[in-house]
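Chain letters run A, B, ... following the sequence lines, proteins first, then strands; residues in each count from 1.
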2 protein chains.
Amino acid sequence: MTSHPIAGTWVAQFPGLAQLAPELHDLLLARSTILAAPAGTVLFGPGKPPEHLLLLLEGRVRVQQMSDEGRDIVLYRVEAGESCVMTTACLLAHDDYSAQGIAETDIRAAAIPRAVFDRLISASVPFRTFIFTAFARRMSDLFMVIEEIAFQRLDIRLAQKLIELSRGAGRVRATHQQMAAELGTAREVISRQLGEFQRRGWIGQARGVIDLLDPGAIARLAAQEGHGARP
Amino acid sequence: MTSHPIAGTWVAQFPGLAQLAPELHDLLLARSTILAAPAGTVLFGPGKPPEHLLLLLEGRVRVQQMSDEGRDIVLYRVEAGESCVMTTACLLAHDDYSAQGIAETDIRAAAIPRAVFDRLISASVPFRTFIFTAFARRMSDLFMVIEEIAFQRLDIRLAQKLIELSRGAGRVRATHQQMAAELGTAREVISRQLGEFQRRGWIGQARGVIDLLDPGAIARLAAQEGHGARP
DNA sequence: CGGGCTTGGTGATCTTGTCACCGAACTTCG
DNA sequence: CGAAGTTCGGTGACAAGATCACCAAGCCCG
């Protein structure tokens, strides 16, 4: 519509790619394929190295660490408009994953072949910035996860997770086991803590569903940090 | 000495850079400076963005997350022959650090200016592989830290740390507070656990020093995992 | 040498993790 | 439909770890 060729293609969804030179933009469009997958698809994981760099157009991908004994833990989520940097690193490092990526909703993504990725990295400063920024953000995410697991009280972290996962809707669809994986703790602990929230009238529960009856109270608990003033 | 120009320069210390084209190797040598710093130097941290990519030639750098209330936690260590990828990401992302890098010993490092780093990334496949491999390895390190903090017993993790930090010498120089930061726990917990090890005759303690009297026993505990057989 | 700081020890108490076990709700399939 | 198997959640008992409060010994430095 405008004179700028990028407007109107999927590339426009990625602010970091706005500066891309026109010929590289064309290359990206011509050589990448759009991939669609239903919720639940395992996009990559141990023994399933990625062929392509994924730029997520729609939906959400959960990246989690699977441990030996069925204990898994959620590391971070990739939202629409972001790239999956784990893929990036392993793409270039020829390294195997130790984490797993699962489509949490139906997704659409642009799949960029290795060769094109390599070409873009080598030719485009904005593309490099885009990729490295994504890296830096993920590392920061992981740092935060570590700090919270190590030092933050569980009730506060649970309240935060409920707010985060509800995304404004007053409801979270997750089993206690899944919530435990979100926070890196045990199912029983979640059951008890949710029981406490319920006793306070903050939430209602049904199988696989948590209803936030008093989001305000939950948010207030979530906002507390460390040893902040407790009246 | 040999006909290969790389041999004999500091670049030879980095196996990942062996494939570097001769002219890029020369560029790297010509434009980078050698930096020396005594143990304890803060190399980067919040409010101290790095000017250069650091390739560590000698010594060891500890990267730790500083939290609000003096609670800090060790994330990983950079050894000689490795690059400091946090620096890398933030260098290209123009992003601020949330972690801090401290020279744990006297160090020597090659400092590569932004412009040269950019040039190498864009021109050299081996250099890209080198950088992205380092990234992938750090991400894996962080995944492991998360898993261990979340799921591993503290006595086992403490034993592992003692073995790791002693590096064959039968002694670790660290205060209880520092050991607590290594494991993301509290000082009192370390004191009690070390007390237990001492009662068993595995270690001896003095101010700021832990002597491994029975490394075998400690290693045996360190080797246990999860809910492995316990006779 | 004496005051201030760092380091480490300890009991009391609370939170979190683990184990064992049970019952309710859902699913599958004859 | 109804029986059997599976998933999900609840709970008590106990162990491990975190937190708080406080103290004592060693160290540093004027």
message: Tell me whether the count of non-hydrogen atoms from other residues, nucleotides or ligands lying under 6.0 Å of CZ in A:R173 goes above 12.
response: no

Could you tell me how far apart [X] ([atom1]) and [N] ([atom2]) are, to the nearest whole angstrom?
{"X": "A:L194", "N": "D:dG9", "atom1": "CG", "atom2": "P", "answer": "9 Å"}
{"X": "B:E148", "N": "D:dG17", "atom1": "CD", "atom2": "P", "answer": "14 Å"}
{"X": "A:I190", "N": "D:dT11", "atom1": "CD1", "atom2": "P", "answer": "16 Å"}
{"X": "A:R153", "N": "D:dG17", "atom1": "CZ", "atom2": "C1'", "answer": "13 Å"}
{"X": "A:E188", "N": "C:dG23", "atom1": "CD", "atom2": "C1'", "answer": "16 Å"}
{"X": "A:Q177", "N": "C:dG17", "atom1": "CD", "atom2": "P", "answer": "13 Å"}
{"X": "A:Q152", "N": "D:dA18", "atom1": "CD", "atom2": "C1'", "answer": "13 Å"}
{"X": "B:I203", "N": "C:dG8", "atom1": "CD1", "atom2": "P", "answer": "11 Å"}

- request: Check whether any side-chain heavy atom of B:Q205 sits under 4.5 Å from a side-chain heavy atom of B:H176, and report yes or no.
  value: yes

- request: Indicate yes or no: does B:E104 engage B:R167 in a salt bridge with an N to O separation below 4.0 Å.
  value: no

- prompt: If each of B:R157 and A:T175 is mapped to the nucleotide of DNA chain D with the nearest heavy atom, which maps nearer the 5' terminus, i.e. the 5' end?
  reply: A:T175

message: Base, sugar-phosphate or nothing for B:G195? Non-hydrogen atoms, less than 4.0 Å.
response: nothing

Tell me whether the side-chain N/O atoms of [X] come closer than 4.0 Å to OP1 or OP2 in [N].
{"X": "B:T185", "N": "D:dA18", "value": "yes"}
{"X": "B:H176", "N": "C:dT6", "value": "no"}
{"X": "A:R187", "N": "C:dT16", "value": "no"}

From the set [options], return the single nucleotide nearest to any side-chain atom of [X].
{"X": "A:R207", "options": "C:dG9, C:dT16, C:dA24", "result": "C:dA24"}
{"X": "B:S191", "options": "D:dG9, D:dT19, C:dG8", "result": "C:dG8"}
{"X": "B:R192", "options": "C:dG11, C:dG9, C:dT18", "result": "C:dG11"}

query: Mapping B:Q205 and B:A150 to their closest nucleotides on DNA chain C, which lands nearer the 5' end?
result: B:Q205

task: Taking all heavy atoms of A:I156 and all of A:Q224, pick out the closest pair and write down the distance.
output: CG2-O, 3.5 Å

query: Where the side chain of B:Q13 meets the backbone of B:W10, is there a donor-acceptor pair that is under 3.5 Å apart?
result: no

